[in-house]
There are 2 protein chains.
Amino acid sequence: MESASLLKRHGLRSTPVRRLLLEIMDATEHAVSHADLEQQVGGEADRVTLYRALNTFEEHGIIHKVLDREGVARFALCMDNCSTHTHVDEHLHFQCTVCSNVYCLPIEHYPRVSMPNGFNLVRLSLVAEGVCKRCN
Amino acid sequence: MESASLLKRHGLRSTPVRRLLLEIMDATEHAVSHADLEQQVGGEADRVTLYRALNTFEEHGIIHKVLDREGVARFALCMDNCSTHTHVDEHLHFQCTVCSNVYCLPIEHYPRVSMPNGFNLVRLSLVAEGVCKRCN
DNA sequence: ATAAACAATGCAACACTATTGCATTTGCAA
DNA sequence: TTGCAAATGCAATAGTGTTGCATTGTTTAT
Ligand SMILES: [Mn+2]
Ligand SMILES: [Mn+2]
Ligand SMILES: [Zn+2]
Ligand SMILES: [Zn+2]
């Protein structure tokens with residue numbers, strides 16, 4: 001029910017596959033890969049449909065994508081109020097070296113860095129590695 | 001000549017392909033992808049040989065790998081004295097949104113972040129986006 | 001200089017992530 | 001309820017990266 005209104009709110013059609021994807025991501029405390037979703041969805045949808053749904057969600061600011069250290073995309077619901085033209089997502093992405101899960105971790109003071117001359121900074125991403133709370 | 005001794009110093013055999021790769025990376029001020037190298041090498045070596053040489057270099061601390069925002073690996077010579085078991089590389093990786101080049105940028109104060117309870121930080125990577133000095 | 005030992009290379013095949021085209025189905029609004 | 005635009009399924013394709021195996025090349029010792 002919640003996922004249907006979330007889709008409506010972003011001007012997207014409410015379809016079974018989309019609602020299912022959103023419910024899976026809402027029930028997971030870490031970012032999920034396409035392979036994760038494909039496995040959980042089972043035979044309910046084609047892999048291409050999942051890719052397209054995820055791309056659509058990202059374009060509309062419903063989810064955001066983060067690449068893990070293998071370069072594979074993982075997706076998580078946006079916490080801040082993102083929309084088509086405003087993606088905020090100023091938090092740290094932490095990948096566990098044991099279970100490989102990727103967590104979105106808000107941190108109190110997001111660091112600022114000063115750039116060398118000529119380089120114009122637009123966005124700074126923090127990617128951390130370590131052991132997560134479940135693997136400790 | 002320089003590349004040959006670099007290889008020797010790391011206990012690696014000096015071969016034409018390896019020397020060529022090192023010379024290309026030494027002459028480039030930004031990180032290079034496998035596709036870049038394959039194009040510059042021309043028909044001098046097989047793609048698989050390049051992959052294997054790059055992996056070997058990384059394992060021995062001669063180069064380090066950084067994934068760009070498409071998840072593609074880019075390689076650059078290590079500045080610090082890295083070896084098989086000590087990779088340092090505490091600098092910022094900056095990808096230009098115009099030319100897509102990735103630069104290794106040393107910064108004066110490498111930031112520290114405090115982690116939420118239960119999460120054990122091992123390494124923090126900084127990945128920046130913006131416009132590089134040549135595209136400005 | 002020669003030969004043996006072992007590492008590096010080339011080639012083919014493969015795994016995996018991701019995208020595109022096109023026909024069909026479905027959601028939604030008139 | 002009907003029509004249209006959007007979403008889906010299926011097949012094909014591109015790109016990155018790895019593995020197995022036979023062959024070639026580098027190094028070390030003789
Ligand atoms: Mn996140
Ligand atoms: Mn670097
Ligand atoms: Zn873990
Ligand atoms: Zn640039």
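- Atom C1' of nucleotide C/dT17 and atom CG of A/Leu54 are separated by 13 Å, given to the nearest angstrom.
- Among the protein residues, A/Ser33 comes within range of no part of the nucleic acid, since none of its heavy atoms lies under 4.0 Å from any strand.
- Counting all heavy atoms, side chain and backbone alike, A/Gln40 lies closest to A/Ile24 at OE1-CG2, 3.6 Å.
- Under the rule for a side-chain hydrogen bond (donor to acceptor under 3.5 Å, both in side chains), B/His60 has no partner lying at least two apart in sequence or in another chain.
- Annotation: ring-ring contact (aromatic ring centres under 6.0 Å, His included) contacts involving residues 37-57 of chain B, sequence neighbours excluded, comprise B/His34-B/Tyr51.
- Applying the side-chain contact (heavy atoms from CB on, under 4.5 Å) rule to A/Asn136 yields the partners A/Val131, B/Asn120; only residues at least two apart in sequence or on another chain are considered.
- Using a 4.0 Å heavy-atom criterion, one finds that B/Ser14 contacts the sugar-phosphate atoms exclusively.
- Shown here are the side-chain contact (heavy atoms from CB on, under 4.5 Å) partners of B/Val48, two or more places apart in sequence or in another chain: B/Asp46, B/Arg52.
- At a threshold of 4.5 Å between non-hydrogen side-chain atoms, the residues B/Ser100 and B/Arg74 count as touching.
- In this structure, A/Val102 shares a hydrophobic cluster with A/Val66, the cluster being traced through Ile, Leu, Val, Met, Phe, Trp and Tyr side chains under 4.5 angstrom apart.
- Side chain of A/His64 to backbone of A/Ala76: a donor-acceptor contact under 3.5 angstrom is found.
- Straight-line distance from the CD atom of A/Gln39 to the P atom of C/dC16: 14 Å, rounded to whole Å.
- The distance from the CD atom of A/Glu44 to the CG atom of A/Leu50 is 10.5 Å, given to the nearest 0.5 Å.
- Note: B/Ser125 OG to A/His93 NE2 = 13.5 Å, rounded to the nearest 0.5 Å.
- End-to-end axis angle of the helix from C/dA1-D/dT30 to C/dA30-D/dT1, using five pairs per end and rounding to 10°, comes to 30°.
- Residue B/Ala53 is out of contact with every strand shown, counting any heavy-atom pair closer than 4.0 Å.
- Comparing C/dA8, C/dG27, C/dT20 against the side chain of B/Arg13 picks out C/dA8 as the nearest.
- Of the N and O atoms on the side chains of B/Arg19 and B/Ser14, at least one donor lies less than 3.5 Å from an acceptor on the other residue.
- Contacts classified as ring-ring contact (aromatic ring centres under 6.0 Å, His included) and involving residues 115-136 of chain B (residues at least two apart or in different chains) are given here: A/Phe94-B/Phe119, A/Tyr103-B/Phe119.
- Side-chain nitrogen and oxygen atoms of A/Tyr51 include none within less than 4.0 Å of the OP1 or OP2 phosphate oxygen of C/dT19.
- When rounded to the nearest whole Å, the span between CD of B/Glu38 and C1' of C/dT9 equals 15 Å.
- Computed from coordinates, the A/Arg52 CZ to C/dT19 C1' distance equals 9 Å when rounded to whole Å.
- Within a heavy-atom distance below 4.0 Å of DNA chain D, the residues of residues 41-50 of chain A found are A/Glu44, A/Ala45, A/Asp46, A/Val48, A/Thr49.
- Taking Ile, Leu, Val, Met, Phe, Trp and Tyr as hydrophobic and joining them when side-chain heavy atoms fall under 4.5 Å apart, one finds B/Val72 isolated, its cluster having no other members.
- Take B/Glu129 and apply the side-chain contact (heavy atoms from CB on, under 4.5 Å) test, not counting sequence neighbours, and it matches A/Arg123, B/Arg69, B/Thr97.
- On the nucleic acid side, DNA chain D has its first and last nucleotide under 4.0 Å of a heavy atom of chain B at D/dT16 to D/dT27, going 5' to 3'.
- The 5' end of DNA chain D is approached more closely, in terms of each residue's nearest nucleotide, by B/Ala73 than by the other of B/Leu12 and B/Ala73.
- Annotation: proximity of residues 96-103 of chain A to DNA chain D (heavy atom, distance under 4.0 Å) is found for no residue.
- Residue whose closest nucleotide on DNA chain D sits further toward the 5' end, between B/Leu67 and B/Lys8: B/Leu67.
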